[in-house]
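Please read the structure below before turning to the comments.
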Amino acid sequence: MFRARRYRVLIIFAAAFLLTFIHFARSRDWSDSSISQQPVGIHPPDPASAYPNPDQPKAPKPDNPAAAAAIEESDKYVIPEPNRGSSGSAPSTGKEKIGSSVGPSSGLKDATKDKAPVPVNAPSKEGSTDPAPVGGASRLLPPTTEDPSNKEELDNGGAGRHSVDRPATGTQWKKFPERFPVPAGETIKLPKERSRIPKLQAKFKDESSYDKQERLQRLSTIKAEFKHAWQGYKMTAMGHDEVKPLTKQVEDPFNGWGATLVDSLDTLWIMGLKEEFTEAVDAIKKIDFKTSSRGDIPVFETTIRYLGGLLGGYDISGHRYTVLLEKAEELAEILIGAFDTPNRMPQLYYKWAPEFVARRHRASGRAGLAEIGSLSLEFTRLAQITQQDKYYDAIARITNELEKIQDSTSLPGLWPLRVNAQGCTKYDPQRNGSPTREEHAAPRNESPSTKTRRPYVAPTDIESYKKLIPREVETGSEESVELANGTHAANLPIEARQQQSTLASQCNGGLELPISSRENKFTMGGMADSTYEYLPKEYLLLGGLEQYKTMYTKVAAATRKHLVFQPMIKGKWDVRFTASTSVTPGKATDITDLEYEGTHLTCFVGGMFALGAKAFGIEGDLELAAKLTDGCVWAYESTQTGIMPERFRLLPCQKGSACDWDQATFDAGVARWSRLDPAAGPQFRNGESAYAERIKMGGIDESRDPIGKTIPMAMPGSLNPHDSEIVEKRSAKISSSVSAVPIISSPTPTPEVADLENRDAPRSPPSSDSPQASVGEDHLPAGMISIPSPKYILRPEAIESVFIMYRLTGEESWRKKGWQMFEAIVKHTRTDHAHAGIHDVTAQKPTQMDTMESFWLAETLKYFYLLFSDTTVVDLDKYVLNTEAHPLLRPSS
């Protein structure tokens with residue numbers, strides 16, 4: 001007969017072990033980083049859930065009396081939660097929605113996998129590998145929706161999106177004395193000297209009456225589409241972040257301050273909608289940036305959308321609406337607190353509630369490149385307008401750190417997707433009497449026999465077990481630091497934490513490169529893009545600061561040498577794309593493993609190369625810019641809808657050789673990818689079936705190597721050991737009809753890396769039983785060997801580069817290409833309420849998604865409108881457009 005009393009000790013210990021395991025499985029960051037840091041993109045659902053547990057010891061008070069008093073005062077702002085459980089966490093309301101994290105991406109981009117919401121009438125797409133976009137720069141790449149292994153990296157991706165169906169808490173942000181102020185006299189001031197910058201815009205030909213009439217008609221059509229979308233937002237979601245165009249509901253992924261409202265402000269002015277502009281300004285007056293329904297502020301997304309939108313509206317309207325500058329300063333005063341860290345690198349997800357603001361903070365140990373490197377334009381412009389150097393100082397320090405490590409990365413000239421911004425590994429343990437690493441490590445090496453043990457009393461109830469397990473304290477505070485010997489400060493006794501206080505303040509080192517190969521990826525796409533984009537633009541905004549010219553020329557040279565490639569496509573197109581690559585840290589920079597792909601996020605590169613060519617006089621780069629931009633135009637024209645997919649793979653040609661179309665090579669490439677991708681969807685199966693069918697009909701000689709004729713096996717990226725290993729392991733399961741096909745490029749990117757790269761993605765994930773978009777019969781256009789993400793979420797990057805190419809060359813052909821893109825987009829995205837993204841651009845009848853990103857009004861429609869506007873509207877010799885297309889006025893020389 002079983003008697004529980006005999007085994008009570010074992011049962012108690014088993015329960016304690018189980019609860020401990022569950023706790024650490026949920027709370028620990030299992031990344032390769034040596035710095036303990038909350039993964040970028042994972043955020044508490046709201047400030048209430050982040051309030052300290054009353055049973056948890058508080059952080060030691062600092063020696064600074066003013067800061068200590070500030071902490072005491074912050075306790076007044078902790079709002080009690082009447083329905084809070086005994087464990088100290090707020091109960092779930094059942095209304096919380098976790099939105100897109102890549103981000104943005106962005107920003108990064110949070111607590112669950114982010115997939116686009118699917119309309120209920122969308123037919124199922126069985127076996128789809130369609131990755132849902134996640135994010136800025138910033139602009140992050142989508143994760144595979146079917147693969148749960150993507151969840152961890154997606155959550156860490158940092159697209160900055162997090163939707164909460166709750167009103168603002170009523171808690172108000174409060175300014176406290178800085179813990180780590182810039183020493184007097186060390187503030188980096190705005191540069192005064194200016195260089196002579198060449199004229200960017202071309203000299204345009206006089207247009208005929210017919211051409212002018214046609215242009216004005218098109219301009220009117222674009223404006224009408226904007227008004228349609230704005231009206232849908234205004235009717236349903238005015239003051240909220242975004243409208244959901246199918247269900248006519250609202251969504252607040254960016255703190256609920258009205259992202260679309262602020263993002264659209266300067267577009268309203270540019271299009272001459274002055275009454276709507278004034279109405280929007282009145283609504284902006286009511287925004288309270290000091291409170292939010294969300295527990296943190298995504299610094300990157302807030303900077304480019306809100307701060308950039310306010311400054312863009314202020315500049316484009318001729319500085320007539322001072323309230324816009326006042327609101328920009330109000331927001332900036334909050335954001336500048338994120339830089340109050342020992343090394344002045346920003347905390348990218350800034351916890352704004354007073355009890356967190358009053359504490360010490362550190363920057364992220366896994367900072368997304370685009371998130372930390374794309375704050376310069378907005379803070380620089382604010383510094384210029386207000387003449388407050390502290391705003392420029394904040395971003396100049398980031399630039400200086402990026403410059404220091406630019407030549408020492410695994411791919412010199414470029415930076416990896418993530419950098420360690422914490423600075424904790426460079427402290428001097430002997431400075432200011434700080435304990436040494438050995439002193440902190442000693443207790444760990446103590447023999448059990450020499451320790452004084454206190455008698456252990458087992459808890460008697462489940463709540464006591466919860467309290468027994470140490471809770472993770474707020475990320476970025478001094479208690480969350482992982483010591484050099486591997487000890488986590490949150491697990492130290494109170495006395496040890498107090499001794500650690502001085503040590504923690506020594507995290508004043510600079511940016512460091514990642515030690516994990518999965519974070520050592522180099523790309524011009526998501527999670528990196530806007531850092532590169534801002535180099536020539538910051539040069540222009542500052543009137544020619546040489547530092548940015550030097551950094552950009554290194555970027556351009558490395559990109560041309562390592563990443564630019566020509567794909568094999570059908571027709572007379574002479575286009576280029578940029579590849580990406582992962583390099584093992586510390587290894588030689590002989591790049592042999594490239595991922596040949598096209599993504600909508602990388603379409604900005606054409607415009608960037610064009611600006612760099614004109615601003616810095618780089619010979620040949622304007623021609624390269626045209627080929628890069630034409631690559632995206634080709635991708636638009638290649639699909640049934642006339643819209644470019646979010647992401648697709650290509651066949652590269654050898655540099656310097658002819659790149660003629662070869663059907664056998666294309667078929668073999670499709671078959672190869674269908675074998676390497678374990679989650680191959682219909683588009684892969686169709687390709688493999690076509691290839692097998694040609695074998696049966698005698699169209700392909702299996703003994704011949706069709707790919708080797710066009711892409712020599714010695715070509716970088718055409719063969720790598722990892723591919724061979726995959727093929728060897730799966731050879732028993734692969735049909736002999738395609739077993740002879742050689743590898744053509746790198747394998748499907750690992751979800752840990754590939755899913756980091758997207759900002760600005762639809763936020764609400766579809767339910768498991770939601771129908772998916774239909775799949776077209778001719779799923780693969782000639783030239784794309786696979787389409788991992790066939791979505792279109794109203795992205796602007798392609799038309800952005802088309803607009804810049806037109807303004808910098810004056811060639812009318814760019815307007816024709818842009819108009820064709822506009823007609824295709826509007827045809828498939830217009831709804832009776834606004835506009836919506838679509839699930840599959842290769843489908844004959846694509847279904848729509850219930851999302852309208854704020855950048856549809858801020859960027860996409862604005863770039864279409866500016867393409868057909870008079871060329872004096874937003875003159876690129878007078879304005880710089882930030883990554884959200886907000887026009888910032890360049891100070892006169």
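Rounded to the nearest 0.5 Å, atoms OG1 (Thr260) and CD (Glu251) are 10.5 Å apart. Considering CG of Asn882 and CG of Leu888, their distance stands at 5.5 Å, rounded to 0.5 Å.
For the ring-ring contact (aromatic ring centres under 6.0 Å, His included) test, no residue two or more places apart in sequence or in another chain qualifies with Phe226. Listed by chain and number, the residues in a side-chain contact (heavy atoms from CB on, under 4.5 Å) with Ser801 are Thr629 (sequence neighbours excluded). Listed by chain and residue number, Asp263, Arg305 satisfy the side chain to side chain donor-acceptor pair (under 3.5 Å) test with Ser854 (two or more places apart in sequence, or in another chain). Phe522 pairs by the ring-ring contact (aromatic ring centres under 6.0 Å, His included) definition with nothing, not counting sequence neighbours. For the side-chain contact (heavy atoms from CB on, under 4.5 Å) test, residues two or more places apart in sequence or in another chain that qualify with Val281 are Leu265, Phe277, Lys285, Tyr321, Val323, Leu324. Glu538 is linked by a salt bridge (charged side-chain N to carboxylate O under 4.0 Å, His left out) to nothing, counting only residues two or more places apart in sequence or in another chain. The salt bridge (charged side-chain N to carboxylate O under 4.0 Å, His left out) search around Glu333 returns Lys175, Lys390, not counting sequence neighbours. His240 pairs by the side-chain contact (heavy atoms from CB on, under 4.5 Å) definition with Ala237, Val250, Asp252, not counting sequence neighbours. When the side chain to side chain donor-acceptor pair (under 3.5 Å) test is applied to Thr831, no partner is found at least two apart in sequence or on another chain. A search for ring-ring contact (aromatic ring centres under 6.0 Å, His included) contacts involving Tyr350 returns nothing, not counting sequence neighbours. Take Thr291 and apply the side chain to side chain donor-acceptor pair (under 3.5 Å) test, not counting sequence neighbours, and it matches no residue. Every side-chain contact (heavy atoms from CB on, under 4.5 Å) that Glu329 has, sequence neighbours left out, goes to Leu325, Leu382, Thr386, Gln388.
The side-chain heavy atoms of His839 and Pro790, taken from C-beta on, include no pair separated by under 4.5 Å. A 4.5 Å side-chain heavy-atom check between Thr641 and Thr842 finds every atom pair outside the cut-off. With a 4.5 Å cut-off on side-chain heavy atoms, Phe254 and Val262 do not count as touching. A 4.5 Å side-chain heavy-atom check between Tyr532 and Val605 finds every atom pair outside the cut-off. Looking only at side-chain heavy atoms (C-beta outward), Lys521 and Arg418 stay at 4.5 Å or farther from each other. Side-chain contact check for Pro245 versus Asp850: some heavy-atom pair is nearer than 4.5 Å. For the pair Ile297 and Ser292, the minimum side-chain heavy-atom distance is 4.5 Å or more.
Taking the six-membered ring for Trp and the full ring otherwise, the centers of Phe289 and Trp352 sit at least 6.0 Å from each other. Ring pair Tyr349/Phe300: centre-to-centre distance not below 6.0 Å. Checked against a 6.0 Å centroid threshold, the rings of His833 and His228 do not count as neighbours.
Remark: Glu853 does not engage Lys244 in a salt bridge, criterion side-chain N to carboxylate O under 4.0 Å. Classification of Arg294 and Asp296 as a salt-bridged pair holds, one side-chain N sitting under 4.0 Å from a carboxylate O. At a threshold of 4.0 Å, the pair Glu301-Arg161 does not count as salt-bridged, since none of the basic side-chain nitrogens sits closer than that to a carboxylate oxygen. One finds a salt bridge joining Glu533 and Lys537 here, because a Lys/Arg side-chain nitrogen approaches an Asp/Glu carboxylate oxygen to under 4.0 Å. Glu330 and Lys290 are not joined by a salt bridge, as no carboxylate oxygen comes within less than 4.0 angstrom of a charged side-chain nitrogen. Ion pairing of Glu859 with Lys862 is absent here, as no side-chain N (NZ or NE/NH1/NH2) approaches a carboxylate O to less than 4.0 Å.
Using modelled atom types and a 3.5 Å distance limit, the side chains of Ser580 and Thr523 yield no donor-acceptor pair.
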Checking His600 against Tyr792 for the ring-ring contact (aromatic ring centres under 6.0 Å, His included) test, could you report, in this order, the C-alpha distance in whole Å, the side-chain angles of both residues, the deciding distance, and whether it holds? CA-CA 9 Å; His600 209 292; Tyr792 174 67; 5.8 Å; yes
Take Phe379 and Phe339 through the ring-ring contact (aromatic ring centres under 6.0 Å, His included) test and state the conclusion after the steps. CA-CA 12 Å; Phe379 278 94; Phe339 294 83; 5.7 Å; yes
Walk me through whether Gln249 and Thr236 qualify under side chain to side chain contact (heavy atoms under 4.5 Å, CB included). CA-CA 7 Å; Gln249 297 177 352; Thr236 302; 5.8 Å; no
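One N or O on the side chain of Thr267 and one on the backbone of Leu857 form a donor-acceptor pair closer than 3.5 Å.
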